[in-house]
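This report refers to the structure that appears directly beneath it.
We count ligands from 1, going down the list as the structure has it; atoms in each ligand are counted the same way. Heavy atoms only: backbone and side chains are in, while hydrogens, waters and symmetry mates are out.
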Amino acid sequence: MGELAGRTVLVTGAGRGIGRAEALYLAAAGANVVVNDPGVDIDGHGGDHGVAQAVVDEIRGRGGQAVADTGSVADWAEARRMVDLAVAEFGDLHAVVNNATIEVNKGLERLTEAEFDDVVAVKLKGSFAVSHWATAYWRRRVDEGVHTDRAIVNTASGSGLLNPLPTQTNYAAANAAVAAMTTVHALELRRLGVRVNCVSPSMVRTRLTTPVPGMDQAPGNGELDPKDPAVVAPLVAFLVSEGCALTGQVLSVRGGSIAVNHGWSRGAQINKDGALWTISELAENLAALPLEDPFDRLATALGGALGVHGRDEFEAMVNAELDRT
Ligand SMILES: NC(=O)c1ccc[n+]([C@@H]2O[C@H](COP(=O)([O-])OP(=O)(O)OC[C@H]3O[C@@H](n4cnc5c(N)ncnc54)[C@H](O)[C@@H]3O)[C@@H](O)[C@H]2O)c1
């Protein structure tokens with residue numbers, strides 16, 4: 001018997017990349033899996049219903065249990081239908097993995113209103129919509145006297161948490177909001193027995209990261225590939241498993257490293273009593289604090305992985321990317 005036998009998990013955006021690897025892993029561990037994916041292009045256009053079904057066929061071919069759903073998480077009614085499908089097909093829903101995303105990367109001056117809205121609709125509103133309908137169902141179960149371990153796993157990104165990336169106004173903002181929403185929902189849903197956590201993958205080889213230098217490099221000799229989409233799946237399986245104690249956590253994953261994030265934390269401060277600060281006092285006192293240069297922070301976090309050295313080289317690379325997109 002697998003460790004997740006008897007659990008039913010809905011994974012959004014499970015037709016490709018990290019979500020697909022999660023669905024395969026969860027099913028191999030014994031879970032019933034709803035594989036949600038409308039099979040859209042990176043920017044959200046188009047659609048291919050065969051994408052979700054292919055993962056379902058793969059799971060069933062290995063003796064697992066799965067059903068396909070091709071709705072969009074950004075559509076309120078379709079988000080409700082995928083929750084209903086899990087219950088109709090498998091009798092219950094124990095966990096939701098909010099993984100779906102699209103990306104439209106452009107500098108602020110060129111990013112359109114529709115491109116901002118589209119990314120926020122899938123990444124942020126989509127996570128809210130599916131969690132909302134799952135929670136409405138879970139509330140009904142509790143009111144009927146059924147108390148079972150339930151879980152939500154959201155998906156954020158370093159672009160939004162540790163190193164928001166230029167050209168990703170929409171994506172970085174939505175991912176930061178997903179992390180904030182994780183904390184809110186962990187606090188709200190504890191009384192229903194629902195744990196809410198968030199994973200934040202990094203440098204995983206999917207269609208989103210194909211343009212990133214070095215992403216195609218993989219170790220040989222059967223060694224573990226730290227960029228394989230499968231590196232996130234065991235953590236997600238743990239977070240949806242019955243008896244997992246974690247809630248309210250945002251966990252960064254890169255290869256085999258898993259780090260607990262602490263969110264925004266208060267740094268150095270200045271104080272004045274009895275009168276408002278003047279502008280010139282602020283100029284003098286704030287500038288004297290140990291402030292972090294955003295290019296320095298980004299270069300430190302990602303420069304090594306991208307083969308770029310120092311903040312100036314990094315700033316030049318960012319400006320070239322802004323001109324390109
Ligand atoms: N690849 C990385 O290195 C990386 C880094 C940080 C965060 N992430 C996060 O991991 C998650 C998965 O990303 P990925 O790299 O596997 O991307 P991917 O593009 O390979 O997969 C995303 C899937 O989501 C689906 N999708 C898009 N719009 C949808 C909608 N409206 N409803 C349902 N599904 C929809 C797509 O069809 C696609 O199959 C995302 O949340 C992403 O932000 C990835």
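- Within ligand 1, the atoms closer than 4.0 Å to a non-hydrogen atom of T209 are 1 (N), 2 (C), 3 (O), numbered from 1 in the order shown.
- Taking a cutoff of 4.0 Å between a charged side-chain nitrogen and a carboxylate oxygen, D92 and R150 qualify as a salt bridge.
- Heavy-atom proximity to G39, at under 4.0 Å, picks out these atoms of ligand 1: 37 (O).
- Residue-ligand proximity: K227 is placed with every non-hydrogen atom at 4.0 Å or more from ligand 1.
- For the pair R62 and E58, the salt-bridge criterion is met [side-chain N within less than 4.0 Å of a carboxylate O].
- Remark: L289 CG is packed, more than 12 non-hydrogen atoms of other residues, nucleotides or ligands lying under 6.0 Å away.
- There is no side-chain donor-acceptor pair under 3.5 Å between N170 and Q168.
- S252 and N261 form a side-chain donor-acceptor contact under 3.5 Å, judged by distance and modelled atom types alone.
- Some N or O of V40 is nearer than 3.5 Å to an N or O of ligand 1, by distance alone.
- In this structure, T12 has no heavy atom closer than 4.0 Å to ligand 1.
- Screening T148, N32, D149 for a side-chain hydrogen bond (donor to acceptor under 3.5 Å, both in side chains) involving R7 leaves a single residue, D149.
- Ion pairing of D293 with R311 is present here, as a side-chain N (NZ or NE/NH1/NH2) and a carboxylate O approach within less than 4.0 Å.
- Nearest to atom 22 (C) of ligand 1 by heavy-atom distance, out of I102, N154, T101, L208, is T101.
- In K123, the part holding a heavy atom less than 4.0 Å from any atom of ligand 1 is the side chain.
- Set against the non-hydrogen atoms of R207, the atoms of ligand 1 under 4.0 Å away are 18 (P), 19 (O), 20 (O), 36 (C), 37 (O), 38 (C).
- Among L161, D43, T155, the residue whose heavy atom lies nearest to atom 10 (O) of ligand 1 is T155.
- Heavy-atom separations between P201 and ligand 1 include at least one value shorter than 4.0 Å.
- The protein non-hydrogen atom at the shortest distance from atom 15 (O) of ligand 1 is T206 OG1, 2.6 Å.
- Using a 4.0 Å cut-off to heavy atoms of S157, the atoms of ligand 1 that qualify are 6 (C), 7 (C).
- In this structure, atom 39 (O) of ligand 1 lies nearest to the protein heavy atom D37 OD2, 2.6 Å.
- Near Y171, meaning under 4.0 Å from any of its heavy atoms, are these atoms of ligand 1: 7 (C), 8 (N), 9 (C), 42 (C), 43 (O).
- Using a 4.0 Å cutoff on heavy atoms, A156 counts as a contact of ligand 1.
- Ligand 1 has at least one atom lying under 4.0 Å from a heavy atom of V122.
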